[in-house]
Amino acid sequence: MIFLSEYIYYIGAIGLIFIGLLIVLVKRNLIKVVIGINVLDTGVNLFLISSGYLKGGTAPIYSPGSDAAPSTMVDPVPQALVLTAIVIGASVLALALSLGIKLYDHYETLDLEEIRGQRW
Amino acid sequence: MNIVTISFLSIICLGLFLSFIRMLRGPTPPDRAVAVDTMTTMIVATLVLIGFVLERYVYLDVALVYSLISFVGLVALARFLEKGF
Amino acid sequence: MRDILSFRGFVALFLLGIIVAGISSAVGQIPFGQPDSEVGQLYLENGLQDTGAPNLVTSVVAGYRALDTLGEVVVLFVAATGLSAVLATSKRRVERELEDASLVLKTGCRIFFPLILLFGAYLFIHGHLTPGGGFQGGAVIGSAFLLVYLGCSGRRVSADAAGAIESLSGFGFVFLGLLGLLVGGSYFLSNFLPKGDLYELISAGIFPLIYILIGLKVGSEFAGIVDSMIEESK
Amino acid sequence: MYYLGLVVTGVGVLFLCLGGLGLFRFPDVYNRVQAGTKCTTLGAFCTILGVGITQPGWFWKTLIIALFILATNPISSHSLGRAAYKSGTELAEESVVDMAGEFDDYSEEG
Amino acid sequence: MVNPALLLAVPLALAFLIPLVRLVARGVVKWIPVFAMAFNFIASVLIIPRALEEAIVTEIGGFPAPFCINLVAGPLGSILSSFIALIGLLVAIYSFDYLREVPTAKYYTMYLLLLTGATGIVLTGDIFNLFVFFEILCISSYSLVAYQGNKAGIEASVKYLVQGSIGSSLLLLGIGLIYGQYGTLNMGDLAGKIEGISSPSAFVPLVLMITGLGVEAAIFPLNAWLPDAHSSAPSSISAVLSGVAIGVGLYSIARILFTVFGGTALLETLAVIGLLTLLVGELSALSQDDVKRLLAYSSIGQMGLIAFGLGLATGEGVTGGLFQLLSHGLSKALLFLSVGYMIYRSGSKKISDLQGSWKRTPVASLGFAVGAFSLVGLPPFIGFPGKFLIVRSALLKGELFYTVLVAFVLFATVVEGGYFFRVVQIIFFKGTGGRRLKREVAPVSGLIPLVVLMLLILIVGVYPGLITGLIDSAAAELTARSSYFTLVMGST
Amino acid sequence: MSKVKSFFYLFSALFLIWIGFTTTFQPQELGLGLIISLFLSTIFFKTYVGLGFPPLGIKRFLFALIYIIVLFKEIVKANLDVAYRAVHPEVPINPGIVIINTDLEGDVARMVLANSITLTPGTFTLDVIGDHLLIHWINVETTSKEEATELIGKRFEKYLKIIFA
Amino acid sequence: MLEAILVVAFGGALVSYFLGRWTSRIRDYFALGVWIAILGMTSYLHQIEPKISTFYPGFLGYDLSLRITSLSWLFAVTVAAVSVLVIIYSFRYIKGHEKRNLFYFLLLLVNGGMMGITLSGDLLSFYIFWEIASWSTFLLISFNRGKALPAGLRYVVMSVIGSAAMLVATLSLYSSYGTLALSDLSTHLATAGGGYVIFIFLLFFVSFGVKNAIVPFHTWLPPAHSEAPAPFSAVLSGLLVKMGTYGLILIFYLIAGMKIFLGLGTGIWSFHYIISALAGVTIVVPSFIAVLQDDAKKTLAWSTVGQAGYIVLGVSFGTGLALAAGIFHFLNHAMFKSLLFMSIGTVERKTSTRDLNELGGLVKRTPVLFVVTLVGAAGLIGIPLTNGFFSKWMLYKTLILEGNPFLAFAALVGTWGTVLYSYRLIHNVFFGQLPEKYRDVTRTSFSTYLPMVILSIAIVFFGVFPGFLLGEINVVTTSLGFTPLDVQLWGISSDSGTVNTLNILAALAVVGVMVWYLFRSSAETTEVSQEDSYTAGAPVPQGRFTYTADFYRPLEKIIRPYLKDRIEDFYGMLVGFVGVLSDTVRRIYTGYVGTYVAYILALLAAVLLVQLGWKPW
Ligand code: NA
Ligand code: NA
């Protein structure tokens, strides 16, 4: 139980990675695969964020009233990295969906098992 | 963080939980969408409440952004559902 | 479930079991809740003096790791360009009827649209002070345009205007960086403007400018993406 | 003032929870959306404003958020309800009347 | 003196300007990539002499080394960046008329950004920044593969995107693990902090990163996207993807493995994986009907050969691998551009429809032959020194294991010869076949890059000494961890 | 006139909201807020033209205040109503869809009416079609259009007519 | 000077290509001029002491060098001489073909490459020139389209295999001794272990064996020689194949040295004996396969394989006389086989066929061609007073003297085959009935005849005065460590027997008189015009009705079952296997993305597994 509460974010992150990869592996529908990739991304981002987490720490933002010390703030680097990663993930997602639209135009299906015009 | 705020948060969580059940059960897509709509509103309130608990003003901005994004998202979802499913 | 209980599913579970075990063994080496980063610590301690931005995430995003941010802007730019290029190559344009929104939504959207834009601007202008930032503000602006498309079918952004803003703001970002190279001691993207007073709006040197440019760029890009997507799905 | 704020917040929180309950128990999407809209709007409004009352410096910001919720929630719920109806979601068995067929837009669907 | 940051800043600024320029003066757009790449080429070449003395470490934003992102323009970085710029310049010229039937401003934007991404990858000294530039490269590749919007292109792009995204996520996870454990993202700093790869704390992120980068580098079995993507993209893009993009992927693997991790324990694995990649690529190419697909599989094989060379990890093996990287880039670019030229006229990618190309498109046909001979490793073309160096360093190891591997490498060469010579015969010695051509004329501007590439392949093939000296110091830079560390961290 | 009105409304809304956002009267913030508000309202005031905003007036303002109080009362009633139905073991409902009329002109007025109905006890606006509103009613008391209009719409319309006259 | 030769050769190739785009006549004469110059320079080099010069310092860390010795001079001058003749022959031959510029360019490139091979001073230069010659040869073989394409492909694939072997051997030598210079290597290999030497020998043998078409590496040659353009067939058969011989001599006698070469193994299991045995097989079987060919060029091609067997037998046998015989036969073969390919090429060009069953009676139309072909065939068979006689005699002599009855018998049997196919060749092309369709065959031009006439004169000249060449060869064998032979202008004498032209002349005179007498009695027939033969008022149908068809039917019936080329079947099987392998391997690209993602994760999982402690090995 202590382990669970200590590592809950990591467990969540790895769980999301697992689920995301599993979706990509077993699902045949492009949209579901894209969702799987996003779940995977989310897992990775969660891991990144939680790796910079400081127990009892606050957001690394000074505000006029409060007198938070640097030692009580969480590491800002993973947050910056995740911000970038999220934007990148969103970009890929948008592109993937637009490609999905076009793919459907051509194949009338999104079942990847049937979309095998390119092989061997 | 005292007993009052803890009870506030748990009550909201109960509401969230009930909505979440509705979202899972459906049965129709609009049912799920409505459940999500309810949840987003609750989450905005929760965010403000958390800001209150942690005494961090910045959570208000987060709440505002969240309500805005969820509004746009739900309108988009509604427009999508309109066409049938 | 049925998918997982197939041969493919078992192979997947087998592989993922190993991978998760491997990742866990590495993750286990990182104690949770006690970040131990020399770099992060330095940013926390010196960030305020170095950059003048109370939001240390901003000091990382727009200062210490500004090149990442420039790259990130490029990623979004590429994706938006690619998306519109892909969607523009229509094999057959299916006329999918999108009914008019109801009067309530239509009116609501028209009322809220400028207000949301203002909110987006607020977010990216105050990125160095509050948890906002260029991307967040840009995304809000994009959502405003999405709302317009959803509520008021028929209204469109001017693609040329969006492109021009996108273009100029992106160029402005790099130009700012190059100015840093010229003025700020031969470092690309260096913060060459005065830091200003803490918590003042005009402070932290070039950060507000960077965020304004990013906000405009991201906003116009999202608007463009929305435009392409809606055009396609019509 | 602080305690007034807490009370307001408490009322809001309660309504939020009741909204969830209504959403959970009502028979069809139209009834659920009613529960969801009314309770959560007021609930969120009170919760947020209550927080604003306890922290005077936050009041304006909370007011903006609360008004925003008050203004947008009916719109989004309305859109969802309309979408449900347009897409042909059935009314609950208990329903007594459906006059929508009088409009041209709805006449062809049930 | 040129600041290496300009190599990124100038193309980015120009790329950002393209949408605006399109509104103002549409005709200027196509010159922008040419101008940007010409600038980059000249600037990189100017940097090389100074980089040879001591690598130029540029701090972005003006903060000291581990606390900022820095660019490291050493011999390797500057060579690769001038190489990227050169290929980019030539292909940009090639694109002038090749793509005149489709809207081009977006094409040029993405094309320029693809190359900038590649340049960023080879210059950056920060692993997360590497990831960002990698994404620029990947996303522009996905988009450009689908650019023509045809069935094959869209399908290939989707598959590429799915695999590439998985790779990116693994890469990011690896980066996260590294930051979590070592608290820094700077390659030089990491080179000082990571002692070995025996513990899971270093090994797992290394494997994750290599797998992630390996998708773009097309090593077996991560390369399934490549034949689809490279055969379906517009030929100009295929040339850049095959000539530059996958090579850059391999570069980043080498950088991570050698410089950041010092992972000597994985080198044999790399050599074996390289060999497998080589064999799979060449064997798969053998029975292709589609000439672009054939070239794509050949690229897989060549990546395997380069990985094999890098995996030998002797100074000379790395030199051979890097030489082959450049040689393959030039040759494959030539091949794809030539084939694109032929396809432009015949409208068919089938090998049998290439017959009679000698009459229709003599320069392109010659280009194909030169490129093919070069890839097979025949003197006096550039492919010969590359293959020669790799085989020599493998044999100089003096171990039976490597001698056996060399036998397989040479078997792959025979297979490679088998399919390339067949196509050369069809191009040169089969009748015109009387097929109706899709177009009667082909754009003349496309000939310039073909001729330049042919000359380069021949000149460097005859005088490999022109670049082997540079590549030697590049290889030294790649393998010498401690000096990289002092270079980056010592300059604080 | 309509344009000036729209511009004015938009500008003051934007500037007030800006102040709300920043919650400060620092000159830098105010000045920037002014600039941005002016900029945005110059570009986008057209979207407010034709929405049917009322002109300013003391009477309208007073009625608006009254309306807000009425509406708030109704909202509280609505919440209690829903709460009652939700916690009641049998879920006492008698739902149905009815049509009501409205005399209001102008988009904003109709929108406010529709939203008010949505937020008040037992009713929910499904659609607005011309002069008619399609209402989902949890507890249908009448199927006659006129009676329904009286029961559902009139309590707001009487104020809104004055405000948006 | 050495560099100058190469510069002229390769530069000439390039310049002639561009000249040809301007005007073909100047291109032709320019090419000829280039090679006459090269011939001149090469001949001039004979006067100078053996020397080495570095022409490219620091190529990939090596100094590429050129070097001329008596051995390389001999090969170089042959290359130059035959090249000159072939270029003259090409003037007329290539007219009417497409891609003439390309032809000249490639021909000059091949010849330049061969000059480079012979003049190389180190193994890397050797390899480079070898490869240049190989790929340009591939293009030239493929030149005639149609069946030439598979022939070219077969050649080039085997050639690449050979090059790969050479590359490994070369670099292995380098990694062992740190040098590639021929002169340095020869001192190093003396200290090497026997196993290593065999390893190196085998690799080089594969490489040179392919080029030399020694059984079992011969399968590329027949289709390649028969499908190549005739001038190039001449080069291919007369020169290029013999580059393999040059390589063998280089490796066996120069780099390794006679002692090591002959010291590997004992008795019939000694290395050189095994190669000799292979050469023996290479003599016999192809010579009889040649008998069965209906295609004149195929006949010559198989004949080349057989004759190469004689040469390799001489080279590998390991005595001074044998080596001299091998080299001498190489020179002779270059003369008569070039001549024969030119002549058949001329026939093909005139008649558009080279099917022996369709040709006939051309002696009336092209008497000069007949005469030179006859001389070539005589040289091939080894009829006294032609050069072939001497080389073969020396070989028989060695084999008998050294007590190798099997090899001697093989050589003899091979000669029977040679007689049979040479006779058929002459007979079916020139004698018999002239088919109607060849009525209008005209004489060919001077430039076509000139090289053939020169070659036939040379054949007879060196048949009468073998001493001219044997003297040179003697220098070579001596330089390789053999005891000098006693060579005179008229012949060669040794302790075990002497042969010289004067004796032969006397013997021939006797035999000739007898034959003349015999034929006189049968020659009393009335001559009829072969062209005006009609059957019932209709022209004689063409093709198989001529009696030249199925010339050796009884013989064929007996030997054909034994001559099935099982080696070719074996290679076919190999190629098929690679094809199946290729088709199997590429099935991993299933087209389904899920599989691809599984591959990615499988690699990840596999490498992680290893690290997590599971060792598969
Ligand atoms: Na909501
Ligand atoms: Na609602």
Open item on the list: For G:Y571, I'd like to know if atom OH has over 12 heavy atoms of other residues, nucleotides or ligands within 6.0 Å.
Closed with: yes
- [ ] With rounding to the nearest 0.5 Å, note down the distance linking CZ in A:R119 to CD1 in G:I588.
- [x] 14.5 Å
TODO: Please say whether more than 12 non-hydrogen atoms of neighbouring residues, nucleotides or ligands are located less than 6.0 Å from CZ in G:R587.
DONE: yes
Task: Test item: G:L601 and A:L21 side chains (from C-beta on) under 4.5 Å apart, heavy atoms - done: yes
Open item on the list: For G:K99, I'd like to know if atom NZ has over 12 heavy atoms of other residues, nucleotides or ligands within 6.0 Å.
Closed with: yes
Open item on the list: Given heavy-atom pairs under 4.5 angstrom as the criterion, report whether the side chain, backbone, both or neither of A:L30 touches chain G.
Closed with: neither
- [ ] Quick one: which of G:V593, G:T590, G:V597 has the most heavy-atom pairs under 4.5 Å with chain A, could you say?
- [x] G:T590
TODO: State, yes or no, whether a side-chain contact exists between G:Y589 and A:Q118 at a heavy-atom distance under 4.5 Å.
DONE: no
TODO: Compare every heavy atom of G:Y592 with every heavy atom of A:K27, then report the nearest pair and how far apart it is.
DONE: O-OH, 3.5 Å
